[in-house]
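One structure below.
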There are 2 protein chains.
Amino acid sequence: MPNNLNENELLHKNHDRYFVPGLSRGLRVLEIIAQADKPLTIAEIGKKLGVSRSSAFRITYTLRHMGFLSTDKGDKLFDLGPRVLGLGFAYLNRQDIIKIAKPFLEGLRDKTEVSSHLAIKAGREVLYLDNVLSKTSFVSNISTGERRPVYASPQGWLLMGGTSESDVRALFEDVAFKSLSEHTPANINQLIKRIREAEKLGYVISRGFMRHGGSIVTAPVFNEVGRVVAVIDISGPDSGFDFDKMDSFYVPHVVETAREISRNLGFRD
Amino acid sequence: MPNNLNENELLHKNHDRYFVPGLSRGLRVLEIIAQADKPLTIAEIGKKLGVSRSSAFRITYTLRHMGFLSTDKGDKLFDLGPRVLGLGFAYLNRQDIIKIAKPFLEGLRDKTEVSSHLAIKAGREVLYLDNVLSKTSFVSNISTGERRPVYASPQGWLLMGGTSESDVRALFEDVAFKSLSEHTPANINQLIKRIREAEKLGYVISRGFMRHGGSIVTAPVFNEVGRVVAVIDISGPDSGFDFDKMDSFYVPHVVETAREISRNLGFRD
DNA sequence: TCCTTAAGTTTTGTATATAAAACAATTTAA
DNA sequence: TTAAATTGTTTTATATACAAAACTTAAGGA
């Protein structure tokens with residue numbers, strides 16, 4: 001994984017002066033373990049991080065004694081510890097937008113009978129902050145905390161609205177565009193086109209996206225200075241939608257709900 | 001908060017040799033900000049952490065550039081950044097407890113015909129990790145990812161079992177006890193009483209809790225060292241329960257299911 | 001207005017965290 | 001079974017992270 005090394009180098013070269021390397025590396029160890037699909041050894045961690053075994057040893061030692069990492073009985077394999085949990089949920093608890101949006105999402109769910117969601121942009125990913133489950137078709141295939149690539153999701157395109165072309169290019173410079181469906185843009189130029197279309201239209205409808213038989217209607221939420229700060233959507237299996245009423249029913253409801261949330265964030269049309 | 005300092009000292013004295021102080025302090029900055037109910041300045045962070053302003057500056061600089069902290073427009077106030085979210089949810093995804101508990105929760109649902117749930121403690125909140133819907137009485141009013149205040153829920157009291165009185169007081173020191181029903185403790189003393197009762201009894205029955213016409217039967221799940229790590233419950237509208245069979249039927253089933261899950265986590269009575 | 005205090009930033013000498021190397025303990029291969 | 005390779009741990013010389021002090025800017029108070 002040369003990516004890990006590159007990111008490390010990049011951070012070091014750019015912000016050398018005040019950087020605390022031990023901290024940076026420790027947090028990246030947590031993410032490396034989070035992304036790995038199995039517990040890792042010290043040697044593996046060191047290799048992925050691009051540091052010596054002795055340094056990896058000291059970092060894991062610190063994290064383990066603090067409760068951010070746990071080990072198996074032999075102290076050979078490191079996995080995430082319970083102390084990391086507090087951080088993620090503390091973040092969620094402070095996002096006022098969740099509390100503000102909640103009743104509107106519930107209203108939208110009740111009107112459309114489809115699960116509704118709230119998401120923001122976190123780096124190159126769409127991050128789901130809340131989901132309100134449909135009462136009729138029980139399930140949503142998205143849960144709070146889940147992430148999707150920005151480039152490959154309609155919510156992501158809306159969230160990039162208002163971003164300059166050069167900023168978009170900078171953000172996706174070294175990203176491989178994997179084709180997740182026929183709608184996935186294959187390169188940056190196609191992505192920029194999608195972003196501009198979504199921006200102009202003010203909503204996105206997607207059918208058969210990311211997985212078979214799922215559909216999405218999504219619209220942007222603006223803050224007091226008119227920037228896109230979040231998106232809401234209704235989504236679920238195709239069986240939950242009446243496709244004849246897409247433009248006349250679902251879209252207006254989603255767009256209007258997004259606008260109401262925006263107004264509660266201080267947005268004035 | 002002298003606690004922060006003490007913990008720091010302790011860690012240093014005990015494990016001096018291989019400790020990475022920058023990492024330890026950075027993570028504690030994240031937790032300090034997570035626990036604070038407002039964004040903090042560099043000076044405040046330094047004070048709470050017990051380090052100089054210049055060190056606090058370097059730590060926040062590092063965390064901010066990595067996306068673990070965000071700042072307001074003036075770069076004066078620091079709050080948690082979106083990157084922390086990934087860590088918490090990665091932990092949840094790996095917690096075998098959800099997979100281990102699932103079949104037992106389903107069995108409990110089938111026997112009792114009431115929706116069953118799994119929850120853990122996350123800070124001052126009860127966090128629902130899984131719900132298994134009743135097939136007869138329509139819905140559960142709880143969904144995965146939802147949170148309830150620890151002090152106001154029977155599950156929360158059980159989850160606080162084994163916690164010392166002083167730790168309980170510290171945790172709820174600055175919490176306002178809102179009365180959510182006639183069963184809600186009105187202050188810390190009443191809460192401690194509830195916790196001890198729940199701990200002694202080994203389960204909690206609650207009728208008309210949190211909302212009209214809802215009941216709960218809940219019991220604790222223990223890990224291999226006998227600590228409470230989770231709770232399970234059955235809950236739903238009163239219409240789903242046969243109240244004559246509370247003690248003879250529902251309670252034994254819930255308690256026994258909790259014990260089976262505990263055994264699968266390594267607990268030995 | 002000027003003075004005082006406080007907070008953020010930068011510089012710098014020094015205490016110390018770090019990576020390499022050595023060592024110990026496993027695991028793998030022949 | 002023995003040798004070679006790999007991994008975890010300890011030591012240690014040195015590169016560097018740290019706290020203090022200096023500097024800069026902003027906020028209050030008289």
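Predicted model, so just to flag it, every value in this text is computed and none were measured. Proteins come first, then strands; the chains are lettered A, B, ... in the order of their sequence lines, and each starts at number 1.
- A:Arg147 contributes atom CZ, which lies 13.0 Å from atom OG of A:Ser153 (distance to the nearest 0.5 angstrom).
- Atom CG in B:Leu265 sits 5.0 Å away from atom CD1 in B:Ile97 (nearest 0.5 Å).
- The aromatic rings of A:Phe177 and A:Tyr151 are tilted relative to each other, their planes meeting at an angle between 30° and 60°.
- Atom CG in A:Leu23 sits about 14 Å away from atom C1' in D:dC18, given to the nearest Å.
- Distance, A:Leu77 CG to D:dT7 C1': 12 Å, rounded to whole Å.
- Pairing each heavy atom of A:Leu80 with each of A:Ile33, the nearest pair is N-CG2, 3.9 Å.
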Please produce a list of atom pairs where a protein N or O lies less than 3.5 Å from an N or O of nucleotides 12-14 of chain D.
none

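- One finds no salt bridge joining A:Glu165 and A:Arg196 here, because no Lys/Arg side-chain nitrogen approaches an Asp/Glu carboxylate oxygen to under 4.0 Å.
- Counting all heavy atoms, side chain and backbone alike, A:Leu40 lies closest to A:Glu44 at CA-OE1, 3.3 Å.
- Atom CD1 of B:Ile45 and atom CG of B:Leu69 lie 6.5 Å apart (nearest 0.5 Å).
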Can you pull every protein N or O that's under 3.5 Å from an N or O on nucleotides 5-14 of chain C?
unit_1 : atom_1 : unit_2  : atom_2 : d
C:dG8  : OP1    : B:Ile42 : N      : 3.4
C:dG8  : OP2    : B:Ala43 : N      : 2.9
C:dG8  : N7     : B:Arg53 : NE     : 3.0
C:dG8  : N7     : B:Arg53 : NH2    : 3.2
C:dG8  : O6     : B:Arg53 : NH2    : 2.6
C:dT10 : OP2    : A:Tyr18 : OH     : 2.9
C:dT10 : O5'    : A:Tyr18 : OH     : 3.0
C:dT11 : OP2    : A:Arg17 : NH1    : 3.1

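- For A:Ile59 and C:dA17, the CD1 to P distance is 14 Å, given to the nearest whole Å.
- Between A:Arg25 atom CZ and C:dA17 atom P there is a gap of 13 Å when expressed in whole angstrom units.
- Ionic pairing of B:Glu260 and B:Arg263 is not present here: no N-O contact between side-chain nitrogen and carboxylate oxygen is shorter than 4.0 angstrom.
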